[in-house]
2 protein chains.
Amino acid sequence: MAKAPTVYDVAERSGVSIATVSRVLRSPDAVREHTRQRVLAAVTELGYVPSAAARGLAARRTNVIGLFFPGHDETVPDQPVDSARGDTVPIVDDDADTSSDTENLYFDEVLRGAEIEAWRRGFALMVAAGRGASREALVTDIAGRVDGLAVLARTVPDELLAYVARRIPVVILAGAQRADSFDHVSASNGPGMRTLANYVLQDHGVHDVVYIAGPTDSPDDTERLAGFRDALTDSGVAEADVRILRSDFTRDGGRATAARVLAERRPRAILCSNDETALGVLDVLEQRGIRVPEDVLVTGFDGITAGRHSRPRLTTVHQPMVELGRAAVHAITVRLDDPTLDPQAFTLPVEVVLRESCPRV
Amino acid sequence: MAKAPTVYDVAERSGVSIATVSRVLRSPDAVREHTRQRVLAAVTELGYVPSAAARGLAARRTNVIGLFFPGHDETVPDQPVDSARGDTVPIVDDDADTSSDTENLYFDEVLRGAEIEAWRRGFALMVAAGRGASREALVTDIAGRVDGLAVLARTVPDELLAYVARRIPVVILAGAQRADSFDHVSASNGPGMRTLANYVLQDHGVHDVVYIAGPTDSPDDTERLAGFRDALTDSGVAEADVRILRSDFTRDGGRATAARVLAERRPRAILCSNDETALGVLDVLEQRGIRVPEDVLVTGFDGITAGRHSRPRLTTVHQPMVELGRAAVHAITVRLDDPTLDPQAFTLPVEVVLRESCPRV
DNA sequence: GTGCTGATTGTATGCGCATACATTCCCAGG
DNA sequence: CCTGGGAATGTATGCGCATACAATCAGCAC
């Protein structure tokens, strides 16, 4: 790790000026073949790697896009990782059905989409997850590092977003399509749930329904619930005739809520606002010997992998999570190209996926 | 997005020099309370966000750590994401058991660990996934942006790594602990498999075993296979008395291989080199009405979430994936603090987790 | 009031690169 | 052989910040 070579070193070694070195790297066609070869040879010999910091400063753009998520480390201990501890491997039992999975599948897939699209368009991707009090510092920190920022809805206070947006374009991911000055990217939560609910209410003809919503602060959930209500209207069912409960989007929460539901009365269908909740519901139903779909229909929302392997396999609305990530990055690049554009809203299509837990009629 | 304010703007507005502004941000204690307040007020009013590029250039370090993965986009179409397409939601059946999950769980979790540890230590995290021919450009690109780089073993040619390592510290993740000049972080693959295999061979007393290995180019797999062979020795079983097959670490591959195994003769136990393979094996066994664990014991390796929800639940060796990510970042920061250190190797402990597919005796 | 000292603040410089502008080169056309 | 003009290259500058060093200030002992 000797001092890293710079353009000056390369220039000297290849007998040209630094401008030529820079040109070889940025616009090779503007340099004569012969010269280019000399420079590239010097680059390789010296192990030259351009400094992104210097480049970013000079070019006034970093070519990095940032992605900001809600924090997810509550479960991770703070102590440092320690090194090897010999070769003894403990053997433990795991019959405790510890199922607080922290299925971050959703974020993971969005991230993957963003990663793909970013590099495809010549941007690097920087990720940050906001955690508690440090969030503000984190956001401005990352804002100083990137050309544009995608933020998961509701993870950053509007005020902070507005502050950051004075400097770089900000895209809000997966939230309601609010009429603010930001670009938005989200899935058709409302229409998706509406379609699925109508399938249950009309095609299955089942009106004895329980709807398990998610946390009130989830914009996605708000839209899904609205879609469900639309379906009630579509199908001529009074809201008073169904039950609507709240859970917390987790599998454990789904179990607890299912227990509450059954304690009162077993419905003919349970619609859940996300897959994890639905999986928890399935757990409880199976445990009590209630057959799905014969006795109760169950549906979820999201399309996580686990739902494809459950028993019975879970009917759901599939969100294009990877595409969401891609679209977010895309939106940022569009705005970078033309900052004068009006705020855009991208709504990505979803699909109702019928599986065993609520089969095709 | 007017021109972003700089230290000069802040300095002018608050009536101090740029040096003082810089101090307020870097070492607040070196500035008088009164002055600090004035400067901070100006910062807020102007919406000032420090440029990481400039800071990185001046400070000669970017405070970014890079993470490089093998690419995973073969399945992602190249066309751009398009926007809203109205509100019609298609309803599709999904009884085709399309199970090419591309379970990137492993990477996702490693990434999560890296993310957590990086920000915790004051670094930003940049992610890149290598794809085919562009890999070389990608690696040097990211190398120019970061203070240190963690690379998943075998995703980047040694030559390229060596090139990059002339400039920044490089940590190799999850590979064999080779005696090279890089730092290494990995899990106890060999001992883990050895312990598990011995449990089957000795505690269960089952010698009629098939081992399904992974791709030959996986260093993890190589170690696991070695661990299995060690166990054979430990337990006094001749290698000729067991079958060793190769698969490809995927669920589909597991199914195909299981079919091959059964076509010949049903063994008493099937040990798989990763969980996905094992899940595929379970699929086939169930389909044929072969009971697990009564007829056949099945084990995996990794500890992915899906294995906790399978039927029967999968016995496995749990790798600390999040910890791997954290350890990688940790290793980089250690080396940044003291570049003269000898190459380090961190081996993280694993655990054999007994579940139904190979229960406790 | 004077001189001294540590605390604050200001001045000047360089980090490594891109790029506008100036200069030199090369070759076709006369 | 000379000249015009585009191609190729060189020169000079600034990007925004951190920091070494210089200058100034406040407070204290005398």
Side-chain angles (χ1 to χ4, degrees), chain A residues 2-40 42-43 46-64 122 140-141 143-147 167-168, chain B residues 2-40 42-43 46-64 122 140-141 143-147 167-168:
Chain A
K3 186 181 165 308
T6 71
V7 270
Y8 296 97
D9 301 318
V10 175
E12 185 177 4
R13 174 138 191 158
S14 51
V16 302
S17 72
I18 64 161
T20 298
V21 174
S22 182
R23 278 192 278 263
V24 168
L25 269 31
R26 297 294 133 241
S27 35
D29 294 337
V31 177
R32 216 174 6 154
E33 171 67 14
H34 173 68
T35 315
R36 194 189 322 152
Q37 295 306 337
R38 281 220 320 270
V39 171
L40 288 177
V43 164
L46 293 173
Y48 170 71
V49 175
S51 153
R55 184 184 295 180
L57 185 57
R60 269 154 287 246
R61 68 141 55 189
T62 62
N63 279 310
V64 180
T140 57
D141 181 326
R145 299 174 177 282
V146 303
D147 291 337
R167 190 181 214 275
I168 52 173
Chain B
K3 184 179 166 307
T6 72
V7 272
Y8 295 97
D9 301 316
V10 175
E12 187 177 0
R13 174 140 192 156
S14 50
V16 300
S17 71
I18 64 160
T20 299
V21 173
S22 183
R23 282 191 201 99
V24 168
L25 271 31
R26 297 295 129 242
S27 35
D29 294 337
V31 178
R32 221 177 358 157
E33 171 67 14
H34 174 66
T35 316
R36 196 190 319 153
Q37 295 306 336
R38 281 220 320 271
V39 172
L40 288 177
V43 164
L46 293 172
Y48 170 70
V49 176
S51 152
R55 185 185 292 182
L57 184 56
R60 270 154 284 245
R61 68 141 55 189
T62 62
N63 279 309
V64 179
T140 59
D141 181 326
R145 300 175 178 280
V146 303
D147 291 337
R167 189 181 213 276
I168 53 174

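Letters go in sequence order (proteins before strands), and every chain restarts at 1.
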Query - Partner of A:Arg61 by side chain to side chain contact (heavy atoms under 4.5 Å, CB included), out of A:Val146, A:Asp147, A:Ile168 - result: A:Asp147
Query - Distance, nearest 0.5 Å, that separates CG of B:Leu40 from OG1 of B:Thr35 - result: 10.5 Å
Query raised in the report: For A:Arg23, which residues count as a salt bridge (charged side-chain N to carboxylate O under 4.0 Å, His left out) partner, sequence neighbours excluded?
Result: none
Query raised in the report: Can you name the one residue among B:Val24, B:Val49, B:Val7, B:Val10 that meets side chain to side chain contact (heavy atoms under 4.5 Å, CB included) with B:Val43?
Result: B:Val10
Report summary line: With a 4.0 Å cut-off (strictly under) to non-hydrogen atoms of chain B, the first and last hit nts on DNA chain C, 5' to 3', are C:dT8 to C:dG16
Requested in this report: Could you pick out which residue, A:Arg60 or A:Leu57, lies toward the 5' side of DNA chain C when each is mapped onto its nearest nucleotide?
Outcome: A:Leu57
Query - From CA spacing to verdict: side chain to side chain contact (heavy atoms under 4.5 Å, CB included), A:Ser17, A:Thr20 - result: CA-CA 5 Å; A:Ser17 72; A:Thr20 298; 3.4 Å; yes
Query raised in the report: Is the side chain of B:Ser27 donor-acceptor paired with the backbone N or O of B:Ala30 at a distance under 3.5 Å, no angle test?
Result: no
Report summary line: Residues passing the salt bridge (charged side-chain N to carboxylate O under 4.0 Å, His left out) test with A:Asp141, sequence neighbours excluded, are A:Arg145
Name the pairs: protein N/O against N/O of nucleotides 6-10 of chain D, kept only if under 3.5 Å.
{"unit_1": "D:dA8", "atom_1": "O3'", "unit_2": "A:Arg32", "atom_2": "NE", "d": "3.4"}
{"unit_1": "D:dT9", "atom_1": "OP1", "unit_2": "A:Arg32", "atom_2": "NE", "d": "3.4"}
{"unit_1": "D:dT9", "atom_1": "OP1", "unit_2": "A:Arg32", "atom_2": "NH2", "d": "3.2"}
{"unit_1": "D:dT9", "atom_1": "OP1", "unit_2": "A:Thr35", "atom_2": "OG1", "d": "2.2"}
{"unit_1": "D:dT9", "atom_1": "OP2", "unit_2": "A:Arg32", "atom_2": "N", "d": "2.9"}
{"unit_1": "D:dG10", "atom_1": "OP2", "unit_2": "A:Ser17", "atom_2": "N", "d": "2.8"}
{"unit_1": "D:dG10", "atom_1": "OP2", "unit_2": "A:Ser17", "atom_2": "OG", "d": "3.0"}
{"unit_1": "D:dG10", "atom_1": "OP2", "unit_2": "A:Thr20", "atom_2": "OG1", "d": "2.7"}
{"unit_1": "D:dG10", "atom_1": "N7", "unit_2": "A:Arg23", "atom_2": "NH2", "d": "2.8"}
{"unit_1": "D:dG10", "atom_1": "O6", "unit_2": "A:Arg23", "atom_2": "NH1", "d": "3.3"}

Query - Considering all heavy atoms, the nearest A:Ser14-A:Ala42 contact - result: CB-CB, 3.9 Å
Requested in this report: Without swapping roles, check the side chain of B:Arg167 against the backbone of A:Ala4 for a donor-acceptor pair under 3.5 Å.
Outcome: no
**Report entry** Angle by which the axis turns from one end of the helix from C:dG1-D:dC30 to C:dG30-D:dC1 to the other, five pairs per end, to 10 degrees
**Finding:** 40°
Query raised in the report: Which part of the nucleic acid, if any, lies within reach of B:Ser22 when heavy atoms closer than 4.0 Å are counted: base, sugar-phosphate only, or nothing?
Result: base
Query raised in the report: Which residues pass the salt bridge (charged side-chain N to carboxylate O under 4.0 Å, His left out) test with A:Arg38, sequence neighbours left out?
Result: none
